[in-house]
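These notes are about the structure you will find just below.
Order of the sequence lines fixes the chain letters, A, B, ..., with proteins taken first and strands second; residue numbering starts at 1 for each chain.
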Protein chains: 2
Amino acid sequence: MSEETNVVRRKPVSPAKLDAVDRRLLGLLAEDATLSYADLGHNLRLSPPAVHERVKRLRHDGIIKGTVAVLNGAKIGRPLLTFVHVDTTSWAVTRHLLALKELPEVEEIHTVTGESAMLLKVRTKDTQALEDLLERIHSIEGFKGTRSYIALSTYLERGPSPVLSA
Amino acid sequence: MSEETNVVRRKPVSPAKLDAVDRRLLGLLAEDATLSYADLGHNLRLSPPAVHERVKRLRHDGIIKGTVAVLNGAKIGRPLLTFVHVDTTSWAVTRHLLALKELPEVEEIHTVTGESAMLLKVRTKDTQALEDLLERIHSIEGFKGTRSYIALSTYLERGPSPVLSA
DNA sequence: CATGAAAAGTACACCTT
DNA sequence: AAGGTGTACTTTTCATG
């Protein structure tokens, strides 16, 4: 709901203490949040209220940031996915980043290490719309050049996984 | 639920016919899928069953791919977000892509245009875990080199928007 | 964890355009 | 014929003991 998308995570976010059941629960909900507490409980060998209690805690603690519908980019008229590396002349571009948030084509905005200083994930109707977007970016003060990587096929696209690494 | 994450979208997905109410509904659900049909109906000036009917159709048509819980990467122990460009020696690496899907650190896998042939979005515990992952990638046959861009700050991170561009 | 009240989801018949 | 409404019924949510 609110735009609390990790905007500047200067404050070191300490990882929450999660037990194995929490992580399994998170894994299930990250795949399908329409499961009822009864279903989840059956899977986790917990009673529905027990599941409810855990979910409430995970939400309250911000471990679950929200529950959203995932849309099919192609079917809503945005079949072209592109990653755009943006070279900036100064670091005082933060103000202009807010402008990009207003564009529905822009899905992600990160500042990154490496040659380019900013990385955008954008989804457009076609190459023309991408070109229009790049023109707008170039017209913004402080944005020098861009390098675009158009996605040919997407093999995986999901959110953060709670599964512990081997 | 199922792994139908746009795996090879060779078949041209024709955009669905969506009216203005559909798009507004999708916009609301893409932000917060916990809203009740009553709430949505109030917002759209529709009765709850009418909303339900539309949502059912949008789901059935695959425009809504699913409903998921969005997790806080930092709080589940993955504070380090990195985009990895992978150079491949041959195009016959598709088989090996499946192996990467099994790694919980890997969130996205795309084949892209440009110098690098593949682009990964990965979220790790720390730089050590990232290094381990890069080592694994290098050890895979057909993967030549990598260039990593570590995210310093994330200003926006959302899914495809149904809003029509100006 | 079990119980139960309140709320939401869902099916159906009817009505309006 | 399509799509919306209102009612009734079922399931889920969620607070209490």
Side-chain angles (χ1 to χ4, degrees), chain A residues 1-2 4 16-72 74-77 158-160 162, chain B residues 1-2 4 13-72 75-76 158-164:
Chain A
M1 177 165 285
S2 61
E4 37 97 20
K17 330 96 202 85
L18 303 168
D19 65 22
V21 177
D22 284 333
R23 290 191 181 273
R24 281 206 291 149
L25 175 56
L26 290 171
L28 291 168
L29 290 176
E31 272 209 358
D32 183 4
T34 67
L35 294 169
S36 72
Y37 294 143
D39 289 339
L40 293 166
H42 188 258
N43 197 310
L44 302 169
R45 316 230 165 206
L46 243 49
S47 70
V51 177
H52 181 232
E53 206 52 44
R54 283 181 186 257
V55 173
K56 206 165 66 176
R57 193 192 77 237
L58 294 167
R59 273 185 189 291
H60 177 269
D61 293 352
I63 293 155
I64 296 176
K65 295 206 298 182
T67 302
V68 304
V70 181
L71 310 185
N72 184 317
K75 293 192 178 176
I76 59 176
R158 64 183 172 199
Chain B
M1 179 165 287
S2 61
E4 37 97 21
V13 177
S14 48
K17 329 98 204 80
L18 303 168
D19 65 22
V21 177
D22 285 332
R23 290 192 180 271
R24 281 207 291 150
L25 175 54
L26 290 171
L28 290 168
L29 290 176
E31 273 209 359
D32 184 2
T34 67
L35 293 169
S36 71
Y37 292 142
D39 289 339
L40 294 166
H42 188 260
N43 199 309
L44 302 169
R45 316 230 165 206
L46 244 48
S47 70
V51 177
H52 180 234
E53 207 49 48
R54 283 181 184 257
V55 172
K56 208 164 65 177
R57 191 192 79 234
L58 293 168
R59 273 187 190 289
H60 177 269
D61 294 351
I63 294 156
I64 295 176
K65 295 206 300 183
T67 301
V68 305
V70 180
L71 310 184
N72 185 316
K75 294 193 177 175
I76 60 178
R158 64 183 172 199
S161 163
V163 177
L164 292 175

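- Between Asp19(A) and Arg54(A) there is a salt bridge, since a side-chain N of the basic residue sits under 4.0 Å from a carboxylate O of the acidic one.
- The interatomic distance linking Arg45(B) (CZ) with dG3(D) (P) rounds to 22 Å, in whole Å.
- For the pair Asn72(A) and Ala74(A), the tightest heavy-atom approach, listed with the atom from each and the gap, is OD1-N, 3.0 Å.
- As judged by a 4.0 angstrom heavy-atom cut-off over every strand, Arg54(B) is placed among residues touching the sugar-phosphate backbone only.
- For Arg23(A) (side chain) and Pro162(A) (main-chain N/O), a donor-acceptor pair under 3.5 Å exists by modelled atom type.
- Across the protein-nucleic acid pair, His52(A) atom NE2 and dA2(C) atom P stand 17 Å apart, rounded to whole Å.
- Position along DNA chain D of the nearest nucleotide to Glu53(A) versus Ser47(B) favours Ser47(B) as the more 5'-ward residue.
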Exercise for review: Might you work through the side-chain contact (heavy atoms from CB on, under 4.5 Å) test for Leu28(A) and Asp39(A), ending with a clear yes or no?
Suggested key: CA-CA 10 Å; Leu28(A) 291 168; Asp39(A) 289 339; over 6 Å; no
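- The distance between atom CG of Leu40(A) and atom P of dC14(D), rounded to the nearest whole Å, is 13 Å.
- When the side-chain nitrogen and oxygen atoms of Lys56(B) are compared with OP1 and OP2 of dA11(C), one or more of them lie within a distance under 4.0 Å.
- As a whole-Å value, the separation of Leu35(A) CG from dT11(D) P is 17 Å.
- Listed nucleotides dA2(C), dG9(C), dG4(D) differ in distance to Ser36(B); the shortest reach to its side chain belongs to dG9(C).
- Rounding to whole angstrom units, CG of residue Leu25(B) and P of dG4(D) are separated by 11 Å.
- Across the protein-nucleic acid pair, Tyr37(B) atom OH and dT5(D) atom P stand 15 Å apart, rounded to whole Å.
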